[in-house]
Number of protein chains: 2
Amino acid sequence: MNEQEKNTEEEILDAASRIFQKKGMSGARMQEIADEAGINKSLLHYYYRSKDKLFLSVFRQAVKNLIPGIRNILFTDMPLFDKLDRFIREYMGVLLGNPFLPMFILHELQRDPDRLFKEFQKAGIEPSRILHQFEQSMEKGEMRRISPRHLMINVLSLCVFPVAARPMMQRFLFDNDAEAYQAFLNERADVVSEFVINAIRP
Amino acid sequence: MNEQEKNTEEEILDAASRIFQKKGMSGARMQEIADEAGINKSLLHYYYRSKDKLFLSVFRQAVKNLIPGIRNILFTDMPLFDKLDRFIREYMGVLLGNPFLPMFILHELQRDPDRLFKEFQKAGIEPSRILHQFEQSMEKGEMRRISPRHLMINVLSLCVFPVAARPMMQRFLFDNDAEAYQAFLNERADVVSEFVINAIRP
DNA sequence: GTCTATATCGGGATAGAC
DNA sequence: GTCTATCCCGATATAGAC
């Protein structure tokens with residue numbers, strides 16, 4: 001466990017992360033991961049005993065990346081519209097920094113929902129608090145009446161979908177112009193924030 | 001090409017559709033598809049020469065299912081808010097009738113974007129017309145100013161994501177209560193329609 | 001058209017040298 | 001720790017009987 005070993009181990013994890021995120025568990029090949037890491041196939045088994053264990057390590061790391069400052073924002077006391085705005089900006093930032101993560105998580109969660117969702121629960125995200133704040137704001141008349149869960153999913157939808165569905169949307173609405181779509185994504189936080197707040201403003 | 005052959009061929013396609021949609025191209029096994037269809041593995045190769053060709057047939061059928069009344073709505077002359085409302089209801093209906101389609105299409109399109117997107121182009125969906133109507137409505141002051149493409153993707157996001165991300169969201173926000181989530185999805189068209197129109201109403 | 005049996009191949013996993 | 005060589009299984013695909 002000297003630094004060389006640590007480096008190789010991390011190198012493998014990063015390479016595996018890229019391949020798994022692009023191709024999924026069943027689509028990824030161990031040979032491909034080894035090539036991506038610039039090492040031999042056998043070394044994968046030396047560090048991680050099996051493809052399944054390697055995948056689980058990658059998935060855990062992916063969950064960690066997706067969770068980061070989000071908890072802090074959700075748990076901070078702040079006026080509702082400010083909190084929504086900050087959440088959307090923070091979340092879009094994470095997604096843009098990890099564009100393959102959403103599809104990866106969603107797809108693998110469909111493949112093996114129970115086992116993989118447990119990895120999420122460890123992160124300790126708790127939606128009840130923000131749902132409660134939605135209800136309080138409605139009672140105070142600060143926002144229109146809307147089911148808190150629908151509002152929560154609306155926000156997530158507007159952030160996640162354009163990133164996850166990029167191969168589809170870029171071709172469909174942008175003539176497959178990658179730069180144009182990137183610019184579109186970069187202005188997305190502004191647009192979503194305004195859109196949501198307009199929708200719920202009393 | 002008597003009716004018996006036709007039945008077996010369709011039976012295979014339906015079975016393959018279910019398995020491919022759930023597990024994806026690389027995750028699906030020919031044996032599993034044969035079992036699902038209640039026939040022998042070799043028959044798959046008799047009707048469709050290879051796994052790849054079978055997959056392509058399934059994908060084409062999936063595209064057809066996802067497109068149906070949508071073109072008509074988009075191309076019909078109608079006041080903007082009415083058209084949005086009808087589109088959202090129609091689209092949510094299709095999604096609820098084919099809940100595995102969205103993830104399937106999105107995932108496979110990431111795997112092989114160019115080849116598979118061509119299957120979409122054949123359907124002849126043309127977004128420019130609805131984008132143009134958005135712009136006209138803005139100029140007439142019928143709706144707030146918003147980038148037409150952002151608006152289009154907002155609508156799609158709000159419809160597709162809750163269906164595609166069901167395994168995640170049902171566990172995350174509904175304690176994995178399937179009936180509750182189904183009820184949530186059933187009221188979704190109303191909520192989305194109201195949400196969008198509130199967001200863009202001048 | 002539908003089946004059984006089998007060929008062929010790719011990929012995950014292991015053994016063992018260094 | 002890292003490599004080469006190899007095992008072994010599963011999965012696609014084919015041959016051929018009925």
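Keep in mind that this is a model prediction, so the values were computed, not measured. All chains are named by letter (A, B, ...) in the order of the sequence lines, taking the proteins before the strands, and each is independently numbered beginning at 1.
When rounded to the nearest whole Å, the span between OH of A/Tyr46 and C1' of C/dA13 equals 16 Å. Atom NZ of B/Lys51 is separated from atom C1' of D/dA11 by 8 Å (rounded to the nearest Å). In this entry the distance linking CG of A/Leu44 with P of C/dG11 reads 14 Å, nearest Å. Look at CG on A/Asn40: it is 17 Å from P on C/dG16, rounded to the nearest Å. Look at NZ on B/Lys23: it is 15 Å from P on D/dG10, rounded to the nearest Å. For B/His45 and C/dT8, the NE2 to P distance is 15 Å, given to the nearest whole Å. In this structure, A/Leu43 places its CG atom 5 Å from P of D/dT2, rounding to the nearest Å. Distance NZ (A/Lys41) to C1' (D/dT6): 10 Å, rounded to an integer number of Å.
Summary of the strand contacts: A/Arg49 and A/Arg29 both lie near DNA chain C, and taking for each the nucleotide with the nearest heavy atom, the more 5' one is attributed to A/Arg29.
For the OP1/OP2 pair of D/dT2 and a distance below 4.0 Å, the side-chain nitrogens and oxygens of A/Tyr47 include at least one atom meeting the criterion. Between A/Thr8 and D/dT2 there is a side-chain N or O to OP1 or OP2 distance below 4.0 Å.
A side-chain donor-acceptor contact under 3.5 Å links B/Arg166 to the backbone of B/Ala178. Looking at A/Arg188, its side chain never comes within 3.5 Å of a backbone N or O of A/Phe184 through a donor-acceptor pair.
Of the candidates C/dA13, D/dC3, C/dC3, C/dC3 carries the atom nearest the B/Ser42 side chain, counting heavy atoms from C-beta on.
In this structure the side chain of A/Glu179 reaches within 4.5 angstrom of the side chain of A/Asp177, judged on heavy atoms.
Residues passing the side chain to side chain donor-acceptor pair (under 3.5 Å) test with A/Lys64: none are found, sequence neighbours excluded.
If you check every strand for non-hydrogen atoms under 4.0 Å, A/Ala28 touches sugar and phosphate atoms only.
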